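Here the structure is a predicted model, which is why all the values come from computation and not from measurement.
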Amino acid sequence: MKSNSDEIILDEQQNASNTDWIKEQDRVEMVTKLLQRLIAERVDEAGFIKEDIVAIRRHFWDDVTVNFEDAAETAETLASMKQQAEVLSERERSHRHMEKQLKTYQRLVDSPYFGRVDFVEDGDPAGAEAIYLGVGSLYDEQSGEYLVYDWRAPISSLYYDYGPGAVLYKTPETTIQGEMTLKRQYIIQQSQIKSMFDAGVTIGDEMLQQVLGKNASAKMKSIVATIQQEQNKIIRNEQARLLVVEGAAGSGKTSAALQRAAYLLYRHRGHLAADQIVFFSPNPIFNSYIATVLPELGEENVEQTTYQQYLEHRFARQYTVIDLFSQMEYALTAHQEVGYDDIMEMVAYKSSYAFMQRINDYVDDRSKQGMLFRAIKFRGEVIISKEYIAEQFYALDPTISIANRLKLLVTQLLKQITQIAKEERKKSWVDEELELLDPDEYSEAYEKLQNKGSYQSQSFDDFNSERDYLATRIVSRYFKKTRRLIKMLRFVHIDAMYRQLLQQCNFSDYALQHTLTNMNQRMIPYEDATAYLYFKEKLTGFHTNTLIKHVFIDEAQDYSVFQFHYLKRIFPNSKWTVLGDPNQTIYMHSHHHSELDALASLFDEQHSERIRLSKSYRSTHEIVTFTSKIIGAEQLVEPFDRHGPEPQIMQVEQGQLLDDIVRTVQQMQQAAHTSIAIIGKTAEESKQLYEQLLPQLPSLTLIDKETASFDKGIAVIPVYLAKGVEFDTVIVHNASAEYYSKEADKWLFYTACTRAMHELSIFYTGTKTPFMPM
């Protein structure tokens, strides 16, 4: 029983809380009104400026005095043009700045801020200053104060890194120390405070509960209000040239990486642009999934691609690159085919550092002997033999690299082509071409020759001059392609040398033929694509991109050591942020844990850093506990304290499986789940399942490797395409031992189950997979 004094204390606390709430709501309304006024002003100003720009463009030449009669007039004309262009450029800059401000205010107006810290700087007699944090800054020109600080500002790090007590934060110039007297969090919607609570060191569970308890979105959201202390270390790290983020499924790796990109663009504005950052995603669906995050944070989208798309770009029309998903499908479905084990062994070797070293040794040997060349042909006849090209190549200084010797050789060959072209002008085929010339070309030739003074005292019947001029043009036209191919080093027989290299490896005849057959059909297997490009550029010179300053790689455990080495060559000036979870290593060329471990060797140890995220936020406590047992990581993965139903494991008869899946989908829909994934092991299995379920679930979507985006709804998807994406509920189609029994299947099964946010249903027929937790 409470005493009267206890009741008085409680009443005082309640009154204080109510008073705080009223004051805070009053401030929200004040900030909202200011934002609304600023939005209206910026809309008007942007409109006026746009009208100016249109008018200047329309009347540009009206306001320029054009006179080229003499040097002075020409100079005045150019100055007038420059002045008008500068006026236009200034108005366009003003319009861009106005538009950017407008977007910031529009992002803030519904929810101006999400956090507050009260900070007293050491030695400051003014006392505590209330710092409010939002997704953008808001400066009040009348009071000369920031009403809202951008979450990326140095002082904002206090919110993510500390609780009340002694604190510090770093600015570009110094470190500022002081005391935090209050840390408060808000959930504000439509300018109304829905929740408000004071927090300790970490972001309060109340806010996370509300955010994570919602349905999965078809797009990833920029939840900067819920950044945790360990994620903030990732976001604000500026020292490491290589930052490896290793985290459990659902630990917020990708979210932290995207917010890191936004932070770097904000922090290094003027020195780093969005087009100087490249983000490698696991598949096109994931590109769509994360596409809205940076724009929500007020930044332009960085260059997003997949490694497959990058390979296709580099090969252009030379080869069709067989994609990683086709490789995966073969690995999962072709166990009974002849030569399967040999091919798997070959794939693993071609993805290894050992194969890269084998290529290096082969190329080193070619420096001394054995380079293979193609003969240069013209009109079907050899004009420079491959033997002659080899002789000229090895006559060059052997201490010069192969790539630089080839450049010198190109110069020699082009000179030789010039001499050959002179001889070709005398041949009869040129006379045949002359007879077919268009009359316009004769007229043009006449004018050219007149201008050169060739016909000062003669008429156009000077046959020799006429023929020489026109013959030169015809032969030059025919040799244009030959010259271009020489400059492209097409006389270097890369294909033949790569095939020779493969034949020198200890591959079985069946495995070797698997590669050569594909190459004969102008297709290159995924495992050969990186090796072939590296091999080619090791000979001819690497096509480096020195403009890219930062490379982000998601699902990095799916990359081979060889691929990391190649990308390091291509982007030599870049810092790297690499995200991965070794427990989701599913591709045949990857080795559990080894890829991320080997990556550090590419960078100076002093400039490399590794951060482990162990807490999983995506799934409920029950799902995380269950999935951790699949891989024996109960001690490594920490579930967030958000509860839901236990995963449902159901053994069914084969004939009942489809009906039970349909019934489960309908139950999930009744529970208001808006994104439901039915996950198969392979694309083949998923396609069959889709066709069987479609009559009962007409809104069903099949996601395959060609799918570029996915909206909310019911989808059938192979597990390897679901990586990185989350769904409200997941149904694992058939977790029997028939489907998941090999050691590699364990990681697939784990990946499938960790896609679920709220509910997980697992069906199996016959005997369940040995990886199913008891």
Subject >> Residue pair Phe727, His673: steps toward the side chain to side chain contact (heavy atoms under 4.5 Å, CB included) verdict >> reply: CA-CA 9 Å; Phe727 304 90; His673 293 310; over 6 Å; no
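- Residue Glu300 places its CD atom among 12 or fewer non-hydrogen atoms of other residues, nucleotides or ligands, all under 6.0 Å distant.
- No more than 12 heavy atoms of other residues, nucleotides or ligands lie within 6.0 Å of NZ in Lys536, so this atom counts as exposed by the packing criterion.
- Without hydrogens or angle criteria, Gln309 side chain to Thr305 main chain gives no donor-acceptor distance under 3.5 Å.
- Scanning all heavy atoms of the two residues, the minimum distance from Tyr740 to Gly680 falls at OH-C, 4.3 Å.
- For Phe749 and Phe771, the gap between ring centers reaches or exceeds 6.0 Å.
- Without hydrogens or angle criteria, Ser156 side chain to Asp150 main chain gives a donor-acceptor distance under 3.5 Å.
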**OP:** Begin with the C-alpha distance, continue with both residues' side-chain angles, and end with the deciding distance and a verdict on side chain to side chain contact (heavy atoms under 4.5 Å, CB included) for Leu133 and Phe114.
**Re:** CA-CA 6 Å; Leu133 285 70; Phe114 55 79; 4.1 Å; yes
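- Looking at every heavy atom in both residues, Ala261 comes nearest to Ile277 through O-CD1, 4.5 Å.
- Figure legend: cation-pi geometry between Lys568 and Phe603, with NZ or CZ positioned under 6.0 Å from the six-membered ring centre and within 45° of its axis.
- When all heavy atoms of Arg612 and Leu636 are compared, the pair lying nearest together is NH2-O, 3.6 Å.
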Original post:
Should Lys615 and Gln228 be marked as a side chain to side chain contact (heavy atoms under 4.5 Å, CB included) after you check the CA-CA gap, both sets of side-chain angles, and the distance that decides it?
Top reply: CA-CA 10 Å; Lys615 196 163 188 175; Gln228 300 297 288; 5.7 Å; no
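- Relative orientation of the Tyr160 and Trp151 rings is perpendicular, given thresholds of 30° and 60° on the angle between their planes.
- When atom types are taken as modelled, the side chain of Glu246 and the backbone of Asp581 share no donor-acceptor pair closer than 3.5 angstrom.
- A ring-centre distance under 6.0 Å is not found for Phe279 and Phe286.
- A salt bridge links Asp558 and Lys723; the closest N-O separation between the charged side-chain nitrogens and carboxylate oxygens is under 4.0 Å.
- A donor-acceptor distance shorter than 3.5 angstrom exists from the side chain of Asn237 to the backbone of Ala240, with no hydrogens or angles considered.
- Using a 4.0 Å cut-off between a side-chain N of Lys or Arg and a carboxylate O of Asp or Glu, Lys712 and Asp728 do not qualify as a salt bridge.
- Considering CD1 of Ile359 and NZ of Lys350, their distance stands at 10.0 Å, rounded to 0.5 Å.
- Between Lys253 and Glu555 there is no salt bridge, since none of the side-chain N atoms of the basic residue sits less than 4.0 Å from a carboxylate O of the acidic one.
- Put simply, the side chain of Leu748 reaches to within 4.5 Å of the side chain of Leu332, judged on heavy atoms.
- The minimum heavy-atom distance between Ser574 and Ile548, with the atom names listed, is OG-O, 2.7 Å.
- A pairwise comparison of heavy atoms in Glu329 and Thr682 identifies OE2-CB, 3.2 Å as the closest pair.
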**OP:** Verify salt bridge (Lys or Arg N to Asp or Glu O under 4.0 Å) between Glu238 and Lys170, making sure each step is shown before the conclusion.
**Re:** CA-CA 12 Å; Glu238 297 186 54; Lys170 294 181 179 179; over 6 Å; no
**OP:** Give the C-alpha distance, both sets of side-chain angles, the deciding distance and a yes or no for ring-ring contact (aromatic ring centres under 6.0 Å, His included) between Tyr534 and Phe355.
**Re:** CA-CA 11 Å; Tyr534 179 84; Phe355 188 49; 9.4 Å; no
Original post:
Please walk me through it: do Glu609 and Lys233 pass side chain to side chain contact (heavy atoms under 4.5 Å, CB included)?
Top reply: CA-CA 11 Å; Glu609 192 169 341; Lys233 290 178 182 177; over 6 Å; no
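- In this structure, CD1 on Ile227 lies 7.5 Å from CZ on Arg236, to the nearest 0.5 angstrom.
- The aromatic rings of Phe280 and Tyr310 lie perpendicular to each other, with more than 60° between the two planes, well past the 30° mark.
- For the salt bridge (charged side-chain N to carboxylate O under 4.0 Å, His left out) with Glu299, the qualifying choice from Arg152, Arg267, Arg260, Lys103 is Arg152, the only one to do so.
- The heavy-atom pair separating Ser628 from Val637 by the smallest distance is OG-CB, 3.5 Å.
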